Amino acid sequence: MSDKRPLVGIIMGSQSDWATMRHSKETLDKLMITNETLVVSAHRTPSRLTKYATGAKKNGLKVIIAGAGMAAALPGATAAITPIPVLGVPMEGKVMGGLDSILSMVQMPAGIPVGTLAVGRSGAINAAIMAASILALSDPTISRNLEKFRANQTASVIETPQN
């Protein structure tokens, strides 16, 4: 994967978000989709965010997955700067369990969409699968990998409970 430019950027508001966002990376890696990770805070590193988001398309990114908690500004701020799809992953929080984050992401003004997923690990995994689905529309290899991934997922579900 190191010889190709990343197709998906995974950004997060702080190092503490990595415990959740690593699931996006692991899922993209299983799907053999090149990706990159970066800590970018909408509030503490706005210049880093601006540089990353304005250069995303030129640098070959097709989708950005942005994880954030509390005010959850990162996905929305990113979507305001870049024309490529932004998928938001709300972090579980101590105050409202992530409800505050999810509400911040889904309440974007018209014209600045963020595709918001579930809170936490499930959202991080589903964001990667959603990114793969977007990429699969124009990439037959990713489409085949995604179909195989989903078939394996289905096959792994047991039919009868075991003790």
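Along the sequence shown, residues are numbered consecutively beginning with 1. Fair warning: this is a prediction, and the values are worked out from it, not measured in the lab. Atoms considered below: every heavy atom in the structure, side chains included; atoms not considered: hydrogens, waters and symmetry mates.
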In short, Ala66 meets Val86 closest at the heavy-atom pair CB-CG1, 4.3 Å
Using a 4.5 Å cut-off on heavy atoms from C-beta on, say whether the side chain of Asp17 contacts that of Thr20.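 No, every pair of side-chain atoms sits at 4.5 Å or beyond.
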Return yes if some donor-acceptor pair links the side-chain N/O of Thr82 with the main-chain N/O of Thr78 below 3.5 Å, else return no. no
Where the side chain of Thr34 meets the backbone of Arg5, is there a donor-acceptor pair that is under 3.5 Å apart?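 Here the side-chain-to-backbone pair exists.
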Would a 4.5 Å heavy-atom cut-off, applied to side chains only, mark Pro75 and Thr116 as touching? no
Roughly how far, to the nearest 0.5 Å, is the CZ atom of Arg22 from the CD1 atom of Ile125?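 Separation between the atoms: 9.0 Å.
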Which distance, rounded to the nearest 0.5 Å, do you find between the CD1 of Ile64 and the CD1 of Ile11? 5.5 Å
Applying the 4.5 Å side-chain criterion to the ILVMFWY set and letting contacts propagate, would Tyr52 and Val8 be lumped into a single cluster?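 No; tracing contacts between hydrophobic side chains, which count when under 4.5 Å, never links both residues.
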Spell out, yes or no, whether Leu74 and Leu61 are grouped together once hydrophobic residues are joined by side-chain heavy atoms under 4.5 Å, including indirect joins.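 Cluster IDs for Leu74 and Leu61 match.
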Are Thr141 and Arg144 packed together at the side-chain level, in the sense that at least one heavy-atom pair is separated by less than 4.5 angstrom?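 The answer is yes, as the side chains (C-beta and beyond) meet within the 4.5 Å cut-off.
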Got a second to check how far Leu87's CG is from Met105's CE, nearest 0.5 Å?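 It is 11.0 Å, given to the nearest 0.5 Å.
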Gly67 versus Met91, closest heavy-atom pair with distance: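 Gly67 and Met91 have their closest heavy atoms at CA-CE, 3.8 Å.
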A side-chain contact here means heavy atoms from C-beta on lying under 4.5 Å apart; do Ile142 and Leu7 qualify?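 The answer is yes, as the side chains (C-beta and beyond) meet within the 4.5 Å cut-off.
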To the nearest 0.5 Å, what is the distance between CZ (Arg121) and CG (Asn126)? 10.0 Å
Where the side chain of Asn59 meets the backbone of Gly55, is there a donor-acceptor pair that is under 3.5 Å apart? yes
At what distance, to the nearest 0.5 angstrom, does CD1 of Ile65 lie from CE of Met12? 10.0 Å
Met70 CE: over 12 foreign heavy atoms closer than 6.0 Å: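 For Met70, atom CE is not crowded (no more than 12 foreign heavy atoms under 6.0 Å).
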Any donor-acceptor pair under 3.5 Å from Asn152 side chain to Phe149 backbone: no
From Asn145 atom CG to Glu147 atom CD, the distance as rounded to the nearest 0.5 Å: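 The CD atom of Glu147 is 9.5 Å from CG of Asn145, to the nearest 0.5 Å.
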With distance as the sole test, does Ser24 use its side chain to make a donor-acceptor pair with the main-chain N or O of Ala128 at under 3.5 Å? no
Any heavy-atom pair between the side chains of Ile129 and Arg150 that's under 4.5 Å?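 A side-chain contact exists here, since the closest heavy-atom pair is under 4.5 Å.
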So, Ser104 side chain and Asp100 main chain: donor-acceptor pair closer than 3.5 Å or not? yes
